Amino acid sequence: MATQPKQLTFDSGWTFPESVRAYPQLRFMGSKYRLLPWIYEVLAPLDFDTALDAFSGSGCVAYLLKAMGKQVVANDLLQFCSVVATATIANPGITLDRRDVEFLLAYDPTQKRFIESTFADVFFTREDLRFLDRVWANVPKLHSPHKRALAIAGMIRSCAKRQPRGVFTVAGDPTRYKDGRRDLRLGLRDHFVEQVEVYNCAVFDNGRANSAICGDVFALDPRGYDLVYLDPPYVPRADDNCYVKRYHFLEGLSCYWKNMDIMQETRVKKIPKHFTPFSYRRTAVAAFENLFAMFSASTIVLSYSSNGFPDLDCLVSQLRAHKRRVTVHKRPHRYHFGTHRAAVRNNVTEYLIVGA
Ligand SMILES: C[S@@+](CC[C@H](N)C(=O)[O-])C[C@H]1O[C@@H](n2cnc3c(N)ncnc32)[C@H](O)[C@@H]1O
């Protein structure tokens, strides 16, 4: 008999929605997946009905908000994040059935060989790459945007699982990662069939008109959100925080590299990164100032970390200029994500700064 997950009820009386644990997490830099119960504990007592997750990334916080019954908009600068949010947040309960999957797996003699010819000997096997070309030949023929998004999300998570450390910074098939792990052994076709099912199981309707947007936060219309959750990239003390460098293959895959300039001279066939002011010391302080001013009519909840720049004091005083009550919640956290040669384990204090 399957064991029921233990209910997590906080001292405040709020109970964490266990269904959130079914969210198909991606190995995404800065993902808050493991912090969701704590984020819930902070959000649950707040009075709000509509919410914006302005930097949705892997989509797990927007998914939590959806599970809380809120009307949610998930936004991110990256297209693959937006596709995943269309599949899981905006999706009002549509799944891919057996016939859809058979349709997606069917050979189309007119299929292009773009992925195979571009990434042969860079990532995956030829068979894997041909498989992605095959699914992509069929995706546009699905009528429902949510089904299309589910199919692409299935490919994205399959590739993220099959790729060592889930990042696309190093070409080839380095032997040092061949430790027999199932995710690295399984071909993309088998991964895909599994991942479609994983996403199907995560789909639900909360009865609200949720949506997903792909764009710069500063291009959004800030009106209409009771609460805005902000989790921008942090200016790192070391290394860099470039999402495109790590996930360019997933970003290209999300739209079949349509209108993207591939940097052919690079070994891993990168695409140019987007500018974001949150990534640089010289622009980050002003970016936070603009962000808080922009969303000053909403309750602001900012996720932040002790290893970011600017520091906590600076952000709190910036937020106080717009909000009467500013509360800081803290907890220790350890981020795991691959950078160059080894996984970096960062012990930090994680903050949730609430401006009401
Ligand atoms: C720390 S991650 C968010 C993680 C997310 N909360 C999660 O749990 O997975 C930051 C995200 O901000 C996005 N981003 C960076 N600059 C942006 C901008 N100017 N507008 C919108 N999104 C941006 C990045 O693409 C990235 O997905």
Side-chain angles (χ1 to χ4, degrees), residues 20-21 23-40 42-43 51-67 72-85 87-89 153 156-157 160 166-167 202 212-222 225 227-236 239-248 250-252 254 271-280 283-284 286-292 294-295 300-309 333 335-337 346 348 350-353:
V20 173
R21 298 198 199 272
Y23 189 70
Q25 62 164 321
L26 292 168
R27 273 201 279 180
F28 192 82
M29 182 169 61
S31 167
K32 299 296 175 286
Y33 183 82
R34 288 185 303 124
L35 290 166
L36 289 177
W38 176 59
I39 294 176
Y40 173 77
V42 171
L43 292 180
L52 167 69
D53 181 354
F55 303 84
S56 62
S58 69
C60 63
V61 178
Y63 191 75
L64 168 69
L65 291 162
K66 181 177 179 183
V72 187
V73 174
N75 172 71
D76 202 279
L77 199 52
L78 292 175
Q79 296 193 49
F80 84 93
C81 297
S82 180
V83 168
V84 168
T88 54
I89 315 299
I156 287 170
R157 193 155 188 265
V167 296
I213 303 176
C214 178
D216 187 330
V217 65
F218 294 112
L220 295 175
D221 180 346
Y225 302 109
L227 181 140
V228 176
Y229 173 73
L230 303 170
D231 186 16
Y234 314 134
V235 178
D239 200 17
D240 70 87
N241 65 358
C242 183
Y243 285 87
V244 171
K245 177 175 118 182
R246 290 172 177 79
Y247 307 121
H248 62 92
L250 306 181
E251 182 66 353
S254 70
I271 52 176
K273 64 178 178 186
H274 309 286
F275 170 76
T276 181
F278 298 98
S279 288
Y280 307 97
T283 48
F288 278 104
E289 174 54 38
N290 294 338
L291 203 58
F292 296 155
M294 181 173 174
F295 294 111
I300 292 175
V301 179
L302 172 71
S303 266
Y304 208 65
S305 161
S306 56
N307 65 351
F309 170 88
H333 185 59
Y335 281 104
H336 304 244
F337 58 83
N346 263 336
V348 298
E350 193 67 20
Y351 307 125
L352 274 173
I353 310 167

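Atoms within each ligand, like the ligands themselves, are counted from 1 in listed order. Note that the coordinates shown come from a computational prediction; the quantities given were computed from them, not determined experimentally.
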Scan Leu291, Val228, Ile353, Asp231 and name whichever one has a side-chain contact (heavy atoms from CB on, under 4.5 Å) with Leu302. Ile353

Minimal non-hydrogen separation, Glu251 against Ser254, with atom names: O-OG, 2.6 Å

Under a 3.5 Å cutoff, is there a donor and acceptor pairing between the side chains of Ser306 and Tyr351? no

In terms of atom number and element, which parts of ligand 1 are under 4.0 angstrom from non-hydrogen atoms of Leu78? 25 (O)

Quick test: of every protein heavy atom, which one is nearest to atom 23 (C) of ligand 1, and how far off is it to 0.1 Å? Phe55 CD2, 3.4 Å

Near Asp216, which atoms of ligand 1 are under 4.0 Å from a heavy atom of that residue? 18 (C), 19 (N), 20 (N)

Return the option from Pro277, Ser58, Ala62 holding the heavy atom at the smallest distance from atom 9 (O) of ligand 1. Ser58

On a heavy-atom basis, which atom in Arg157 and which in Gln25 lie closest, and how many Å separate them? NE-O, 2.9 Å

Per ring-ring contact (aromatic ring centres under 6.0 Å, His included), Phe278 is matched among Phe55, Tyr304, Tyr234, Tyr243 by Phe55

Correct closest heavy-atom pair for Met294 and Val217 would be CE-O, 3.1 Å

Hey, does Gly215 sit under 4.0 Å from ligand 1 if you only count heavy atoms? yes

Does ligand 1 have a heavy atom under 4.0 Å from the side chain of Cys60, from its backbone, from both, or from neither? side chain

Pull out every atom of ligand 1 sitting under 4.0 Å from any heavy atom of Gly30, numbered as shown with elements. 4 (C)

Mark the output for Ser56 as yes if a heavy-atom distance to ligand 1 is under 4.0 Å, and as no if none is. yes

To the nearest 0.1 Å, how far is atom 8 (O) of ligand 1 from its closest protein heavy atom, and which atom is that? Lys32 N, 2.8 Å

So which heavy atom in the protein is nearest atom 10 (C) of ligand 1, and how far is it from that ligand atom? Asp231 O, 3.2 Å

Using only atom types and a distance under 3.5 Å, with no angle test, would you say the side chain of Ser82 pairs donor to acceptor with the backbone of Asp76? no

Look at the side chain of Asn75 and the backbone N and O of Gly215, then say whether any donor-acceptor pair between them is shorter than 3.5 Å. yes

Heavy-atom distances under 4.0 Å are what count here, so tell me which part of Tyr243 touches ligand 1: side chain, backbone, both or neither. side chain

What protein heavy atom sits nearest atom 16 (N) of ligand 1, and how far away is it? Thr276 OG1, 2.8 Å

Contact summary for Ile89 and Ala74, nearest pair of heavy atoms: CG1-CB, 4.4 Å

Return the closest protein heavy atom for atom 22 (N) of ligand 1 as residue, atom name and distance. Leu77 N, 3.2 Å

Donor-acceptor pair, side chain of Tyr229 and main chain of Leu43, under 3.5 angstrom: no

For atom 20 (N) of ligand 1, the protein heavy atom that lies nearest, with its residue and separation: Val217 N, 2.9 Å

If you compare Asn75, Asp53, Asp76 by their heavy atoms, the one closest to atom 26 (C) of ligand 1 turns out to be Asp76

